[in-house]
Enquirer: 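First the structure, which I've put down as structure tokens, then a few questions once you've had a look.
In what follows, chains are A, B, ... by sequence order, proteins preceding strands, each numbered from 1. Computed from heavy atoms alone, side chains included, the values below leave out hydrogens, waters and symmetry copies.
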2 protein chains.
Amino acid sequence: MIEIKLSAKVEYGVRAMAVLAIYHQDGPLPLREIAEQEKISLKFLEQIFPGLRRSGLVHSVRGSRGGYVLSRAPAEIKIGDIVRAVEGPITPVDCLSEPHNDFCCHRKDECLTRQVWEKLRDRINDVLDEVSLDELVEVKPSETLT
Amino acid sequence: MIEIKLSAKVEYGVRAMAVLAIYHQDGPLPLREIAEQEKISLKFLEQIFPGLRRSGLVHSVRGSRGGYVLSRAPAEIKIGDIVRAVEGPITPVDCLSEPHNDFCCHRKDECLTRQVWEKLRDRINDVLDEVSLDELVEVKPSETLT
DNA sequence: TTAAATCCGACTAATTAACTCGGATATTGT
DNA sequence: ACAATATCCGAGTTAATTAGTCGGATTTAA
């Protein structure tokens with residue numbers, strides 16, 4: 001079994017954003033296209049994108065010939081942004097998201113393990129904020145800058 | 001909702017090991033004691049400890065006056081050891097644990113996002129292997145070395 | 001022999017995850 | 001105007017996982 005695991009929503013969300021990054025120039029890209037390319041259920045994608053829009057990472061164009069467009073350049077979008085947009089704040093244990101209560105951990109003054117999870121949370125966020133979308137879709141050596 | 005989350009098993013496992021570290025000198029400590037101190041169900045702890053034992057982190061003393069003892073000094077036990085003992089190898093997406101198959105991600109040559117999850121996995125392991133049990137139970141300034 | 005422990009495996013209840021479904025609404029091309 | 005193509009919205013469903021329970025067998029010290 002595995003214990004630190006990304007949800008399918010996050011995985012698909014990042015994959016979908018990567019596709020959007022590739023076709024960034026070509027105007028709005030409908031989810032149908034992304035679904036096809038990445039073999040993801042259209043209906044599931046439809047469920048994922050509202051979060052990305054609310055977080056301002058993409059903007060939507062409704063109606064025929066509509067679709068989604070990145071609202072910033074791929075270089076300005078970090079993987080962490082996507083992950084947080086899809087699922088909310090990243091935190092390894094509930095204890096960290098709530099205001100500290102003494103029942104969270106039952107040792108006298110302070111939760112001993114809390115500091116480890118805090119460190120873990122911070123590092124996870126760091127890693128995810130180090131990589132941006134453009135790095136993800138970087139083309140192979142063949143098409144690097146002239 | 002949260003997407004990178006430790007299971008209760010891991011959280012309890014680490015807390016329990018911290019208690020064991022504190023009473024390290026005093027011979028075997030029964031789970032009943034730990035359960036009481038940390039307000040964790042005894043039956044649940046009983047389910048967690050076999051994994052810790054099989055990984056060689058603790059050894060058990062059966063029968064009356066029995067319990068569990070750390071098999072190494074707290075300084076030699078990393079949080080990562082505990083996490084892996086309780087739940088198996090740490091990996092953020094299934095794709096990483098299996099031998100690479102082309103259906104894992106549906107882009108032509110290589111999974112673009114894979115590299116990010118690999119980096120994430122490695123960093124998570126790094127963080128968890130940086131902290132050892134003794135750091136976790138380090139006493140407050142009042143009782144630092146004379 | 002009794003009490004206190006680990007040990008073992010099955011069972012269950014609750015929650016979450018991963019979709020699915022049906023339709024409403026907006027927009028464009030003809 | 002109208003059909004086609006999108007996003008949008010919310011509820012429903014199914015499967016998997018998690019968290020925890022339960023009953024009892026085994027081991028051992030006192």
Enquirer: Find out whether B:Lys78 and B:Leu128 are in side-chain contact, i.e. whether some heavy atom of one side chain is under 4.5 Å from a heavy atom of the other.
Expert: no

Enquirer: Check this for me, if you would: do B:Glu130 and A:Arg123 make a salt bridge, where the nitrogen-to-carboxylate-oxygen distance has to be below 4.0 angstrom?
Expert: yes

Enquirer: Between CD1 of B:Ile124 and CG of B:Asp129, what distance do you get to the nearest 0.5 Å?
Expert: 11.5 Å

Enquirer: How many angstroms lie between atom CD1 of A:Ile82 and atom CZ of A:Arg15, to the nearest 0.5 angstrom?
Expert: 13.0 Å

Enquirer: Should A:Tyr12 be listed as having a side-chain N or O under 4.0 Å from OP1 or OP2 of C:dA17?
Expert: no

Enquirer: May I have the distance from A:Glu33 (atom CD) to D:dT7 (atom P), rounded to whole angstrom?
Expert: 10 Å

Enquirer: What is the distance, rounded to the nearest whole Å, between atom CD of A:Glu11 and atom C1' of C:dC19?
Expert: 15 Å

Enquirer: Closest heavy-atom contact between A:Asn125 and A:Arg84?
Expert: OD1-NH1, 2.9 Å

Enquirer: Calculate the interatomic distance between B:Ile40 atom CD1 and D:dA19 atom P; express it in whole Å.
Expert: 12 Å

Enquirer: May I ask you to test the A:Trp117-B:Val14 pair for a side-chain heavy-atom distance under 4.5 Å?
Expert: yes

Enquirer: Check whether any side-chain nitrogen or oxygen of A:Arg32 sits under 4.0 Å from OP1 or OP2 of D:dA6, and answer yes or no.
Expert: yes

Enquirer: Please test A:Tyr23 against A:Gln37 for side chain to side chain donor-acceptor pair (under 3.5 Å), starting from the C-alpha separation and ending with a verdict.
Expert: CA-CA 12 Å; A:Tyr23 300 99; A:Gln37 273 202 37; 2.9 Å; yes

Enquirer: Starting at atom CZ of B:Arg53, determine the distance to atom P of D:dT27, rounded to an integer number of angstrom.
Expert: 13 Å

Enquirer: Any residue in residues 57-67 of chain A with a heavy atom nearer than 4.0 angstrom to DNA chain C? Just list them by number, or reply none.
Expert: A:Arg62, A:Gly63, A:Ser64

Enquirer: Over how many whole Å does the gap from A:Leu31 atom CG to C:dT27 atom P extend?
Expert: 16 Å

Enquirer: Indicate yes or no: at least one non-hydrogen side-chain atom of B:Glu135 is less than 4.5 angstrom from one of A:Val116.
Expert: no

Enquirer: Which part of the nucleic acid does A:Arg54 contact within heavy-atom distance under 4.0 Å: base, sugar-phosphate only, or nothing?
Expert: nothing

Enquirer: I need the single residue from B:Leu20, B:Val86, B:Leu57 that forms a side-chain contact (heavy atoms from CB on, under 4.5 Å) with B:Phe49. Which is it?
Expert: B:Leu20

Enquirer: Rounded to the nearest Å, what distance is computed from the CD1 atom of residue A:Ile34 to the C1' atom of nucleotide D:dT7?
Expert: 12 Å

Enquirer: Please give me every residue in residues 42-50 of chain B whose heavy atoms get under 4.0 Å of an atom in DNA chain C, ordered by residue number.
Expert: B:Lys43, B:Glu46

